[in-house]
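Hydrogens, waters and symmetry mates play no part in the numbers below; they use all other heavy atoms, side chains included.
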Amino acid sequence: MFEDAELINRWKNVVQEVGEACVKSGRGPEEVTLIAVSKKHAARAISTLAREGQMDFGENYVQEALAKLEELSALRLNWHFIGHLQTNKVKHVPGRFVLIHTLDSEKLAQALHKKSQSQGMTQPVLIQVNVGREAQKYGVGEDNLSSLVERVLTLDNLKLEGLMTLPPFFEDAEKVRPYFARLRELKEELEQRFGIALPHLSMGMTGDFAQAIAEGATLVRIGTKIFGPRM
Ligand SMILES: *Cc1c(COP(=O)(O)O)cnc(C)c1O
């Protein structure tokens with residue numbers, strides 16, 4: 001169908017641009033995973049891209065995500081949870097997402113750990129950091145990051161794999177770059193302090209993924225540029 005062809009074209013362009021941003025930053029394309037952010041888009045669009053080879057998808061809302069996971073379970077996709085996670089929704093989450101990007105409190109960590117433990121599994125997580133110190137955004141502040149990491153490292157059924165951020169918005173993407181650089185610094189400081197490896201930095205969206213890749217992103221979360229505007 002015509003719409004499918006347009007979607008596939010947009011996706012191919014994004015794949016190419018992500019690859020070009022890697023080359024420009026002296027990084028291998030295999031170092032960066034493209035997560036197609038499919039929130040508010042139909043399962044059909046997801047299966048179209050899955051047929052082309054896109055395996056990683058990001059969702060923000062638990063109910064919407066679970067419906068799509070079920071509908072598309074035969075495709076064996078890698079689902080990422082990238083939205084704000086409420087403690088009362090935690091019971092639905094462990095085991096269903098390859099990575100939860102938005103851990104931002106001890107309370108949530110404890111709840112996720114408990115649920116994962118009861119399912120006999122270990123849930124990979126990223127800690128979301130509010131690097132822009134914006135009141136309206138979720139994420140742990142820099143001042144509380146270290147103590148949250150310390151806590152998460154004591155929870156056997158969580159596996160801390162890195163940091164995620166949703167930086168302030170600027171028309172000029174170059175202005176976002178210092179926030180990406182800061183997240184990388186924080187990751188490096190934590191690795192030093194705790195003697196751990198944190199392989200992932202989840203940062204960069206439609207408007208600023210090239211800058212994020214230049215600053216070390218390993219996971220970019222791109223929605224609009226692939227799927228078009230959300231309803
Ligand atoms: C919606 C969303 C994205 C995708 O944003 P686009 O600008 O559409 O690429 C990425 N990350 C998070 C956390 C989101 O909520």
Side-chain angles (χ1 to χ4, degrees), residues 7-39 49-50 52-60 77-83 97-103 124-132 134 137-139 142 145 160-192 196-228 230:
L7 172 62
I8 292 166
N9 259 333
R10 285 196 301 266
W11 172 76
K12 281 186 176 160
N13 280 334
V14 171
V15 171
Q16 185 173 346
E17 286 183 31
V18 166
E20 284 166 4
C22 289
V23 171
K24 225 176 129 188
S25 317
R27 306 179 61 202
E30 74 288 345
E31 290 178 51
V32 179
T33 299
L34 168 60
I35 300 172
V37 176
S38 46
K39 63 170 178 252
L49 294 185
E52 299 295 313
Q54 174 66 35
M55 296 308 286
D56 289 82
F57 291 88
E59 288 282 340
N60 289 58
L77 300 171
N78 301 325
W79 294 98
H80 297 254
F81 192 80
I82 65 170
F97 296 90
V98 292
L99 189 59
I100 292 170
H101 293 228
T102 49
L103 184 60
V125 296
L126 304 179
I127 291 178
Q128 178 177 2
V129 187
N130 186 356
V131 284
E134 293 173 281
K137 285 212 173 123
Y138 293 108
E142 286 189 22
L145 176 58
L160 182 60
E161 300 205 329
L163 304 178
M164 176 272 207
T165 197
L166 199 57
F169 174 81
F170 292 96
E171 207 63 61
D172 173 6
E174 280 303 318
K175 296 210 168 101
V176 191
R177 227 174 135 133
Y179 297 95
F180 295 144
R182 182 65 189 144
L183 196 71
R184 176 169 41 76
E185 278 172 19
L186 289 169
K187 173 187 110 89
E188 288 164 0
E189 284 170 23
L190 292 169
E191 288 179 318
Q192 287 271 330
I196 52 175
L198 297 173
H200 286 301
L201 282 173
S202 171
M203 56 190 196
M205 322 199 308
T206 287
D208 53 23
F209 65 88
Q211 285 75 15
I213 289 170
E215 293 298 338
T218 63
L219 301 163
V220 290
R221 312 177 308 263
I222 303 180
T224 309
K225 204 172 163 80
I226 296 175
F227 293 101
R230 289 179 281 272

Margin query: A side-chain contact here means heavy atoms from C-beta on lying under 4.5 Å apart; do R221 and H101 qualify?
Written below: yes
Item checked: ring-ring contact (aromatic ring centres under 6.0 Å, His included) partners for F209, two or more places apart -> none
Note to self: Quick check for you: to the nearest 0.5 Å, what is the distance between T33 atom OG1 and E31 atom CD?
What the structure shows: 10.5 Å
Note to self: Suppose we screen for salt bridge (charged side-chain N to carboxylate O under 4.0 Å, His left out). Which residues come up paired with E189, at least two apart in sequence or across chains?
What the structure shows: R182
Next item on the list: Taking the side chain as every heavy atom from C-beta outward, state whether V131 and L186 have any atom pair closer than 4.5 Å.
Entry: yes
Checklist line | By ring-ring contact (aromatic ring centres under 6.0 Å, His included) - contacts of F97 (at least two apart) | finding: F81
Item checked: K12: partners by side chain to side chain contact (heavy atoms under 4.5 Å, CB included), with sequence neighbours left out -> I8, E52
Check: Of all residues at least two apart in sequence or in a different chain, which pass the salt bridge (charged side-chain N to carboxylate O under 4.0 Å, His left out) check with K39?
Finding: none
Margin query: Do I222 and V18 have side chains that approach each other closer than 4.5 Å (heavy atoms only, starting at C-beta)?
Written below: yes
Next item on the list: Applying side chain to side chain donor-acceptor pair (under 3.5 Å), name anything that partners K137, two or more places apart in sequence or on another chain.
Entry: E134
Next item on the list: Verify whether one side chain among Q16 and E20 offers a donor that lies under 3.5 Å from an acceptor in the other.
Entry: yes
Next item on the list: Could you pull out the closest heavy-atom pair between A173 and G207, with the gap in Å?
Entry: CB-O, 3.3 Å
Next item on the list: Give a yes or no answer on whether the side chain of R27 reaches the backbone of A217 with a donor-acceptor pair at less than 3.5 Å.
Entry: yes
Margin query: If the condition is side chain to side chain donor-acceptor pair (under 3.5 Å), which residues does Q211 pass it with, not counting sequence neighbours?
Written below: E174
Next item on the list: Report yes if some heavy atom in the side chain of L163 is under 4.5 Å from a heavy atom in the side chain of L190; otherwise report no.
Entry: yes
Checklist line | Test item: T218 side-chain N/O and L201 main-chain N/O as donor-acceptor pair under 3.5 Å | finding: yes
Next item on the list: Quick one: list whatever passes salt bridge (charged side-chain N to carboxylate O under 4.0 Å, His left out) with R230, sequence neighbours left out.
Entry: none
Check: With sequence neighbours left out, what residues match Y179 under ring-ring contact (aromatic ring centres under 6.0 Å, His included)?
Finding: none
Checklist line | Minimum heavy-atom distance D208-M205, with the two atoms named | finding: OD1-N, 2.7 Å
Margin query: Using the ring-ring contact (aromatic ring centres under 6.0 Å, His included) criterion, which residues pair with Y138? Sequence neighbours excluded.
Written below: H84
Note to self: Could you work out, with side chain to side chain donor-acceptor pair (under 3.5 Å) as the rule, every residue matching E161, not counting sequence neighbours?
What the structure shows: K159
Note to self: Suppose we screen for salt bridge (charged side-chain N to carboxylate O under 4.0 Å, His left out). Which residues come up paired with R10, at least two apart in sequence or across chains?
What the structure shows: none
